[in-house]
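Below is one structure, written out as structure tokens, with a few remarks after it.
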Amino acid sequence: MEHNPKIIICDCDHKDVDTEKAVFDAAGMDFRWLHCMSQDEVIEQCQGAVCFLNQYVRMDEKIFKAIPSLRMVVRYGVGVDNVNLADATRYGVQICNVPDYGTNEVADQALALMLSLTRKTYMIGNMTRAGVWNYIESVPVHRLSTRTVGILGVGRIGAAFARRVHTLGCRVVAYDVRYGESGRVFPDFIEFKPTMDEVLAQADILSLHCALTEESRGMMNAAAFSKMKEGAFFINVARGGLVDEDALEGALSSGRLAGAGIDVVNAEPLSGESPLFRHENVVVTPHMGWYSEESAEELNRKCAEEVVRFLRGEAVRCPVNQL
């Protein structure tokens with residue numbers, strides 16, 4: 001085993017790295033598990049690394065220039081918004097992610113939030129706990145098969161969510177900037193609209209499943225919320241940066257939205273002083289949509305396997321940038 005291994009898990013907060021260790025042991029490769037909290041700590045502690053497994057610390061020119069041995073970063077997750085891809089490509093660093101480990105879990109989380117909101121189970125459950133035994137407090141509740149669900153972004157997770165709500169009898173409308181790209185196949189029950197505005201106008205329940213890019217950042221702003229149906233529900237299990245949270249709070253306060261289910265926010269953890277917590281019809285979960293015991297194991301295993309492929313000179317499975 002190498003004294004200074006080529007593989008470093010630089011900032012993972014998981015309870016253990018047993019799954020990764022099993023993969024690396026089988027490949028005869030050594031690694032280190034660190035808990036770096038900043039770029040400076042990564043630079044100080046990770047010299048000589050060739051491959052990073054990375055969770056939170058930003059990966060950009062500062063890192064790539066200071067650690068010239070680095071040739072690969074594998075992100076624990078789908079999103080790569082903490083990585084400057086242009087910098088990585090310029091410095092010859094391969095960036096990979098794991099886009100398919102938690103598809104069912106995130107779709108399930110969106111569905112759970114949707115059902116909690118539309119059946120009012122979270123709100124009325126808290127009232128019942130406080131001694132109010134009266135279903136009238138939940139009025140109005142509508143039959144799901146009469147509802148239209150709008151989806152923004154129909155990748156793996158958006159399509160999985162669409163299948164779930166279609167099974168419940170909901171009409172599904174959607175907008176995806178990649179619709180029409182060659183080779184992409186979508187469920188035939190999804191009614192694609194030419195503009196996002198048409199989905200906003202028709203959806204009784206709107207669910208975000210978009211990637212966070214410079215183009216999509218803040219897409220759900222005051223103007224977007226103003227185009228939604230009066231009394232619609234809003235769900236975000238994608239990225240907090242897609243939403244202007246002041247505009248969301250305004251839409252809730254004005255009554256335009258009947259409720260919101262949020263698993264991701266701009267600054268995590270969400271402050272206990274957030275005005276979103278003032279609303280009884282808002283359900284906030286702590287960025288847990290990705291999680292199940294099975295998905296966590298799959299994520300860790302696929303991250304480690306990608307590193308092994310790279311170091312063996314094999315083609316990587318999920319490249320994000322092209323070198």
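A quick note: this is a predicted structure, and the numbers were derived from the prediction, not measured.
- Atom CE of residue M220 and atom CG of residue L248 lie 8.5 Å apart, to the nearest 0.5 angstrom.
- Ion pairing of R90 with D87 is present here, as a side-chain N (NZ or NE/NH1/NH2) and a carboxylate O approach within less than 4.0 Å.
- Linking Ile, Leu, Val, Met, Phe, Trp and Tyr residues whenever their side-chain heavy atoms come within less than 4.5 Å leaves L299 and V57 in two separate clusters.
- For the residue pair Q55 / D11, no side-chain donor-acceptor distance below 3.5 Å is found, with atom types taken as modelled.
- Atom CE of M114 is separated from atom CG of D204 by 10.0 Å, given to the nearest 0.5 angstrom.
- Applying the 6.0 Å contact sphere to CD of E280 captures no more than 12 heavy atoms from other residues, nucleotides or ligands.
- Side-chain N/O atoms of E294 and N104 include no donor and acceptor closer than 3.5 Å.
- Side chains of N300 and D18: a donor-acceptor N/O pair is absent below 3.5 angstrom, by distance only.
- Using a 4.5 Å heavy-atom cutoff, the side chains of T103 and V106 are not in contact.
- Linking Ile, Leu, Val, Met, Phe, Trp and Tyr residues whenever their side-chain heavy atoms come within less than 4.5 Å leaves I262 and V237 in two separate clusters.
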(Q) Before you tell me yes or no, could you show the steps for D176 and R184 under side chain to side chain contact (heavy atoms under 4.5 Å, CB included), namely the whole-Å CA-CA distance, both residues' side-chain angles and the distance that decides it to 0.1 Å? (A) CA-CA 11 Å; D176 191 304; R184 296 200 75 212; 3.6 Å; yes
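- With rounding to the nearest 0.5 angstrom, the CG atom of N221 is 11.5 Å from the CG atom of D246.
- Looking at L242 and V264, their side chains never come closer than 4.5 Å, going by heavy atoms from C-beta outward.
- A donor atom on one side chain and an acceptor atom on the other are not found under 3.5 Å apart for E105 and Y291.
- At least one side-chain heavy atom of I7 sits less than 4.5 Å from a side-chain heavy atom of M29.
- No hydrogens or angles considered: a donor-acceptor pair under 3.5 Å links the side chains of H279 and E249.
- With rounding to the nearest 0.5 Å, the separation of OG in S271 from CZ in F277 is 8.0 Å.
- Atom NZ of K193 has more than 12 neighbouring heavy atoms from other residues, nucleotides or ligands inside a 6.0 Å radius.
- Looking at S226, its side chain does come within 3.5 Å of a backbone N or O of A223 through a donor-acceptor pair.
- Looking at D263, its side chain does come within 3.5 Å of a backbone N or O of M288 through a donor-acceptor pair.
- Q47 places a side-chain N or O within donor-acceptor distance of the main-chain N or O of A66, the cut-off being under 3.5 Å.
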Q. Step by step, would you call F234 with F225 a ring pair (Phe, Tyr, Trp, His ring centres under 6.0 Å)?
A. CA-CA 9 Å; F234 175 73; F225 285 117; 5.3 Å; yes
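- Using a 4.0 Å cut-off between charged side-chain N and carboxylate O, R75 and D81 make no salt bridge.
- The heavy-atom pair separating C36 from V42 by the smallest distance is CB-CG2, 3.6 Å.
- The aromatic rings of H209 and F161 sit tilted relative to each other, their planes meeting at an angle between 30° and 60°.
- With respect to the salt-bridge test (charged N to carboxylate O, under 4.0 angstrom), the residues D108 and R164 qualify.
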Q.
Walk me through whether R171 and Q202 qualify under side chain to side chain contact (heavy atoms under 4.5 Å, CB included).
A. CA-CA 10 Å; R171 175 186 174 220; Q202 295 184 32; 2.8 Å; yes
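- Ion pairing between K62 and D40 holds under the 4.0 Å rule for side-chain N and carboxylate O.
- Tracing side-chain contacts under 4.5 Å through hydrophobic residues (I, L, V, M, F, W, Y), one reaches V73 starting from I63; they form part of the same cluster.
- Rounding to the nearest 0.5 Å gives a distance of 14.0 Å between CZ of F52 and SG of C12.
- Across all non-hydrogen atoms, the minimal contact from L152 to C210 is O-SG, 3.0 Å.
- Considering only heavy atoms from C-beta on, P140 comes within 4.5 Å of K120 through its side chain.
- There is a side-chain donor-acceptor pair under 3.5 Å between Q94 and N321.
- Side-chain polar atoms of R32 and Q45 form no donor-acceptor pair below 3.5 angstrom.
- Under a hydrophobic-cluster definition in which Ile, Leu, Val, Met, Phe, Trp and Tyr are linked whenever side-chain heavy atoms come within less than 4.5 Å, directly or via other members, Y76 and V50 are assigned to the same cluster.
- With a 4.5 Å cut-off on side-chain heavy atoms, I235 and I205 count as touching.
- In terms of heavy atoms, L34 sits closest to C46 at CD1-SG, 3.6 Å.
- The distance from the CD1 atom of I157 to the CG atom of L208 is 12.0 Å, given to the nearest 0.5 Å.
- In this structure, the side chain of E297 does not engage the main chain of E293 through any donor-acceptor pair within 3.5 Å.
- Looking at L144 and L115, their side chains come closer than 4.5 Å, going by heavy atoms from C-beta outward.
- Within a 6.0 Å radius of CD in E273, other residues, nucleotides and ligands contribute 12 heavy atoms or fewer.
- Ring-plane geometry between H14 and W290 is classed as parallel, the angle between the planes falling under 30 degrees on a 0 to 90 degree scale with a further cut at 60.
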Q: Please step through side chain to side chain contact (heavy atoms under 4.5 Å, CB included) for the pair K302 and E306, ending with a clear verdict.
A: CA-CA 6 Å; K302 286 182 172 179; E306 192 77 298; over 6 Å; no
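- Annotation: side chain of E230 is not in contact with side chain of L257 (no heavy-atom distance under 4.5 Å).
- Environment of CZ in R119: sparse, with no more than 12 heavy atoms of neighbouring residues, nucleotides or ligands closer than 6.0 Å.
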**Q.** Worked check of side-chain hydrogen bond (donor to acceptor under 3.5 Å, both in side chains) between N82 and N54
**A.** CA-CA 10 Å; N82 71 317; N54 159 253; 3.0 Å; yes
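- Tested against F31 for a side-chain contact (heavy atoms from CB on, under 4.5 Å), the candidates I9, V23, I8 yield a single pass: I9.
- Side chains of K227 and E198 form no contact here, defined as non-hydrogen atoms less than 4.5 Å apart.
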(Q) Quick one, T118 with H142, criterion side chain to side chain contact (heavy atoms under 4.5 Å, CB included). Give me CA distance, side-chain angles, the key distance, then yes/no. (A) CA-CA 7 Å; T118 57; H142 294 282; over 6 Å; no
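- A salt bridge does not link E305 to R317: none of the charged side-chain nitrogens sits closer than 4.0 Å to a carboxylate oxygen.
- Taking the centre of each ring, F192 and F186 come in below the 6.0 Å mark.
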(Q) Would Q39 and D60 count as a side-chain hydrogen bond (donor to acceptor under 3.5 Å, both in side chains) here? Give the steps. (A) CA-CA 9 Å; Q39 289 187 315; D60 59 19; 2.9 Å; yes
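- There is no side-chain donor-acceptor pair under 3.5 Å between T89 and Q322.
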